[in-house]
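Let me begin by presenting the structure, written as structure tokens, before commenting on it.
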Amino acid sequence: MTEGIMTKTEENNRKAFEGEAKAHVRIQAFAQQAEKDGYVQIAKLFRAVAEAERVHAMRHLKNLKLVKSTEENLKYSFESETTVNELVYPQMIKDAIEDGDKVSTITFTHARDVEETHAALYKKALDHLMNEVETAYHVCKVCGYISDGEPPDACPVCGAKKEMFYEVK
Ligand code: FE2
Ligand code: FE2
Ligand code: FE2
């Protein structure tokens, strides 16, 4: 959607999408905390509500008509990963160093490095769009690095062990 000529409802769909998407992630974190605190049933409730918020987010997103053809979606995703890796995170890393926030410096740095690899994976997928290549993707639970094929002994971005990788089907 191009900026500028948005009806109130289009704008509301955008707000609702962002709110529900955030809620989906935040509530999943609440579920993890509940699990850690030993509240099995409450963790389940949080996970159920998180799923419901995901359903809402998807519906609002659909109204925004931002989901295009797979080729366009890959191009959009490639560009967005490139922007965050080249512009957004580098500035955030600078700010975190200036603020003396060591934890955020590390997590922003990991994210920047990982987004670069996400861009590369999208690029590869675009090249193989007409002729899909089968592979297994394993995601690092710590930093979000994705290994294309077998997971490495140690994550090249954050150093996490192989056991921290899980396969996404
Ligand atoms: Fe909701
Ligand atoms: Fe990414
Ligand atoms: Fe990692």
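For the numbers below, each heavy atom of this structure counts, side chains included, while hydrogens, waters and symmetry mates do not. Starting from 1, each residue takes its place in the sequence as its number. Because the structure is predicted, anything quoted here is derived from the model rather than measured. Numbering of ligands and ligand atoms starts at 1, following listing order.
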The angle formed at the Fe ion (ligand 1) by OE1 of E53 and OE1 of E20 is about (to 10 degrees) 80°
What's the spacing between N13 CG and K62 NZ if we round to 0.5 Å? 12.5 Å
Parallel, tilted or perpendicular: which one describes the rings of Y145 and F165, with boundaries at 30° and 60°? perpendicular
With a cut-off of 2.8 Å, does H110 put an N/O/S atom close enough to the Fe ion (ligand 3)? no
Electrostatic pair E18-K15, nearest N-O below 4.0 angstrom: no
May I ask you to test the R54-E20 pair for a side-chain heavy-atom distance under 4.5 Å? no
Closer than 4.0 angstrom, basic N to acidic O: yes or no for E81 and K123? no
How about E132: does its CD atom have over 12 heavy atoms from other parts shown lying under 6.0 Å from it? no
Here the vertex angle at the Fe ion (ligand 3) for SG of C143 and SG of C140, given to 10°, is 110°
Closest H56 atom to the Fe ion (ligand 1) [N, O or S only]: ND1
What I want to find out is whether E98 reaches K94 closely enough, with some N-O distance under 4.0 Å, to be called a salt bridge. no
Which protein N, O or S atoms sit under 2.8 Å from the Fe ion (ligand 2)? E81 OE1, E81 OE2, E115 OE1, H118 ND1
For R14, is there an ion pair with E11 - N to carboxylate O distance below 4.0 angstrom? yes
